[in-house]
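Only one structure is covered here, and it is reproduced in the block below.
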Amino acid sequence: MSSAIPPRAVDLLIVGAGFGGLCMLHRARQRGLSALVLESAASVGGTWYHNRYPGARVDIQSMEYSFSFSEELQQEWRWTERYAAQPELLRYANHVADRFGLRDGIRLNARVTGAAFDEAANRWCVETESDGAWSARFLVMASGPLSAPNVPAFKGLESFAGPVYHTAQWPHEPVDFTGLRVGVVGTGSSGVQAIPLIAQQARELTVFQRTAAYAVPAHNGPLDAAFEARIKADYAGFRERNRRMPAGFGSELPPNPMSALEATPDEREAAFEARWRIGGFSFLGTYRDIMLDERANALAAEFVRGKIRQIVRDPETARLLSPSQTIGCKRLCVDTGYYAAYNRPNVHLVDVSRHPIDAITPAGLTTNGRSYEFDALVLATGFDAMTGTLLRLDLRGRKGLRIQDKWRAGPLNYLGLMIEGFPNLFNVAGPGSTSAFTNVIVSIEHHVDWIADCIAYLDTHGRATIEATAPAEAAWVAHVTDVASRTVYLTCNSWYLGANIPGKPRMFMPLLGFPPYADQCAEVARHGYEGFVLA
Ligand SMILES: Cc1cc2nc3c(=O)[nH]c(=O)nc-3n(C[C@H](O)[C@H](O)[C@H](O)COP(=O)(O)OP(=O)(O)OC[C@H]3O[C@@H](n4cnc5c(N)ncnc54)[C@H](O)[C@@H]3O)c2cc1C
């Protein structure tokens with residue numbers, strides 16, 4: 001690594017100014033550390049800065065998807081909708097930056113290109129694209145679990161004559177599809193949110209679907225004032241109850257402790273219907289074993305397929321939209337009018353599951369011997385999840401160990417927080433943690449507190465470095481897979497497994513169950529950081 005400018009030094013460098021980076025900066029300053037955020041974008045907000053596609057909104061209720069670290073903040077902020085939309089979430093991120101005076105600790109337009117651990121000095125040297133070099137004792141990667149967009153290597157993509165939009169790199173000025181023929185590739189969460197709105201504008205919309213999505217209604221609407229008042233009367237208690245939930249949210253409507261297999265068909269129908277009417281992720285909690293037992297799961301899946309057949313008038317379209325995989329195995333989508341969009345005469349569905357897209361052409365694309373023409377192309381093709389941002393860096397640990405070599409067979413880590421060979425480097429919301437299966441803000445706050453406590457421990461015990469050990473790492477990765485193997489999560493090809501990226505090693509990356517995870521992280525710390533070497 002080379003830099004003309006000598007590195008500027010701080011205690012803590014943080015990569016990313018999404019919710020993770022903002023929270024880490026605030027906590028570091030509270031602990032008296034000098035900290036700096038390096039952010040490639042032109043403003044704060046992370047996910048909610050980049051994902052500006054029509055319909056982008058949170059799928060965990062706004063009253064839950066927000067910071068708990070400040071009682072004043074959570075009392076004064078007012079969400080307008082049950083599920084906040086992207087502009088409101090971005091306003092919230094900016095409010096947090098202003099409210100806690102964080103802006104002077106954030107370098108914007110500062111893309112980190114690489115970082116190397118200097119073993120003699122026990123410091124990280126961090127290079128940016130255009131903001132010189134920085135050096136720090138600690139490096140916190142808050143670069144996002146879903147922030148490295150996946151642009152599939154379609155043959156001819158660059159030849160397309162019209163504009164190409166990736167949902168995660170959406171322009172800042174409004175995109176108007178009025179009168180245009182639009183092609184959308186991808187029907188994961190982003191596609192499911194965007195398709196109904198693009199359908200309202202476009203002259204013709206053709207959706208290219210590789211895997212049909214399960215979507216449950218959001219029933220979004222204005223935030224109920226009585227609900228808001230009740231939560232705010234004891235926000236701390238509400239947060240605590242949520243932290244004891246498996247996914248860090250949903251304490252208002254916990255999973256039903258019954259097995260789906262014990263209910264009669266009529267009871268099941270009524271139970272599924274009741275949760276469908278409430279909407280959101282709680283549908284998967286209709287029975288306790290939906291994500292644990294394939295037979296229970298099949299009952300929930302069939303209920304949703306029944307809904308698709310009721311909503312979508314054309315039987316062949318309904319058949320193509322009906323997923324066959326286990327429900328919830330890929331992230332469940334929470335929608336507003338997704339299936340109904342296919343009743344519009346201007347919306348067409350093309351199944352590319354058996355005949356993939358052959359090529360993008362100047363006029364559209366070809367698949368299965370047919371050509372489709374459109375004026376604009378939307379790629380709702382998701383992310384190189386959990387590992388993408390780190391693997392795109394020139395990141396080197398001890399003895400020049402490259403992260404690409406370390407993670408050749410998958411993202412080895414301990415507690416989802418640290419990597420052997422990369423001392424003093426912490427990962428926020430990364431692989432091996434529960435982040436992807438939780439309200440991510442709960443996971444972020446947990447990681448930030450753990451990291452801040454860990455640094456304080458090192459300082460009070462006169463230690464310069466902390467590093468995961470290889471045996472702890474191997475055991476942890478085995479544990480993550482073992483937990484998943486007791487569920488239905490290994491029965492499909494999901495981004496949790498890295499299956500959406502050609503050539504990515506198959507390794508189940510997120511851990512299930514926030515409360516036991518948080519307890520285990522606390523236990524490790526209580527025992528002087530078992531599984532780590534402190535030097
Ligand atoms: C469309 C969408 C909807 C989502 N909805 C939900 C939801 O409903 N509930 C939920 O819990 N989670 C949701 N998520 C997950 C979401 O990513 C997290 O909730 C949360 O925003 C993650 O915050 P973060 O700070 O960890 O990462 P991010 O918000 O992704 O921020 C990472 C930041 O790091 C920056 N960065 C990355 N690499 C570099 C580099 N090399 N140099 C400098 N800067 C860099 C990026 O520009 C970005 O600003 C959603 C994600 C997406 C994409």
Side-chain angles (χ1 to χ4, degrees), residues 59-61 64 82-83 187-189 191-193 195-196 209 211-221 224 227 245-247 249-344 349 351 353 437 486-492 494 512:
D59 54 19
I60 288 171
Q61 298 192 46
E64 300 177 83
R82 186 177 174 200
Y83 295 97
T187 54
S189 291
V192 163
Q193 288 188 329
I195 284 164
Q209 169 190 278
T211 311
Y214 288 102
V216 294
H219 299 309
N220 188 33
D224 178 52
F227 173 69
M245 298 300 294
F249 70 97
S251 61
E252 291 279 300
L253 189 59
N256 176 352
M258 245 182 100
S259 162
L261 305 172
E262 288 162 5
T264 66
D266 284 352
E267 284 168 349
R268 269 198 304 266
E269 189 67 14
F272 284 136
E273 185 63 33
R275 293 255 175 166
W276 182 269
R277 282 171 194 274
I278 294 166
F281 283 115
S282 79
F283 180 78
L284 293 178
T286 308
Y287 292 102
R288 67 164 167 77
D289 47 0
I290 290 175
M291 298 311 295
L292 300 177
D293 185 311
E294 288 193 56
R295 293 165 305 161
N297 188 283
L299 295 166
E302 186 48 31
F303 177 86
V304 177
R305 285 192 289 266
K307 285 289 181 192
I308 296 171
R309 289 191 290 271
Q310 280 170 20
I311 297 167
V312 179
R313 286 196 290 272
D314 174 47
E316 178 56 10
T317 306
R319 188 184 68 77
L320 289 177
L321 284 171
S322 295
S324 54
Q325 72 273 15
T326 39
I327 184 170
C329 180
K330 284 168 177 267
R331 188 177 170 91
L332 184 68
C333 300
V334 179
D335 80 299
T336 300
Y338 174 63
Y339 296 125
Y342 292 89
N343 288 332
R344 299 175 66 101
L349 181 65
D351 174 34
S353 60
F437 285 137
R486 286 180 254 140
T487 71
V488 300
Y489 280 102
L490 298 181
T491 62
C492 73
S494 63
L512 282 149

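- For R331 (side chain) and G188 (main-chain N/O), no donor-acceptor pair under 3.5 Å exists by modelled atom type.
- Partners of Y342 under the ring-ring contact (aromatic ring centres under 6.0 Å, His included) rule, at least two apart in sequence or in another chain, are Y338.
- Residues S282 and L253 approach most closely at OG-CD2, 3.3 Å, considering heavy atoms.
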Exercise. May I have the step-by-step check of side-chain contact (heavy atoms from CB on, under 4.5 Å) for W276 and V304, ending in yes or no?
Key: CA-CA 9 Å; W276 182 269; V304 177; 4.1 Å; yes
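- Judged by distance alone, the side chain of N220 and the main-chain N or O of Y83 form a donor-acceptor pair under 3.5 Å.
- Between the R268 side chain and the A260 main chain, a donor and an acceptor come within less than 3.5 Å of each other.
- In this structure, F272 and F303 have tilted ring planes: the angle between them lies in the 30° to 60° band.
- Using a distance-only test at 3.5 Å, with no hydrogens or angles considered, a donor-acceptor pair links the side chain of T187 to the main chain of T211.
- For residues 302-312, the pairs satisfying side chain to side chain donor-acceptor pair (under 3.5 Å) are Y214-R305, E273-K307, E302-R305, E302-R309, with sequence neighbours left out.
- Taking all atoms of both residues into account, the shortest heavy-atom contact from N256 to R275 is N-NH2, 3.7 Å.
- Between I308 and L321, the shortest heavy-atom distance links the atoms CD1-O, 3.7 Å.
- The two residues N343 and R313 have their closest heavy-atom pair at OD1-N, 2.8 Å.
- Here the straight-line distance linking atom CG of L299 with atom CD of E294 works out to 12.0 Å at 0.5 Å rounding.
- When all heavy atoms are compared, the tightest approach of L292 to R486 is CD2-O, 3.8 Å.
- The minimum heavy-atom distance linking L284 with G328 is given by the pair CD1-CA, 4.2 Å.
- Contact of the Q193 side chain with the C333 side chain is not registered, since no non-hydrogen atoms from C-beta on lie closer than 4.5 Å.
- Rounding to the nearest 0.5 Å gives a distance of 5.5 Å between CD of E267 and CE of M258.
- In this structure, D293 CG and T487 OG1 are separated by 11.0 Å, a value rounded to the nearest 0.5 Å.
- At distances below 3.5 Å, at least one donor-acceptor pair connects side-chain atoms of Q209 with backbone N or O atoms of L320.
- In this structure, the side chain of Q325 does not engage the main chain of A213 through any donor-acceptor pair within 3.5 Å.
- Here the side chain of N297 pairs no donor or acceptor atom with the backbone of M291 at under 3.5 angstrom.
- Donor-acceptor pairing under 3.5 Å is recorded for the side chains of S353 and D351.
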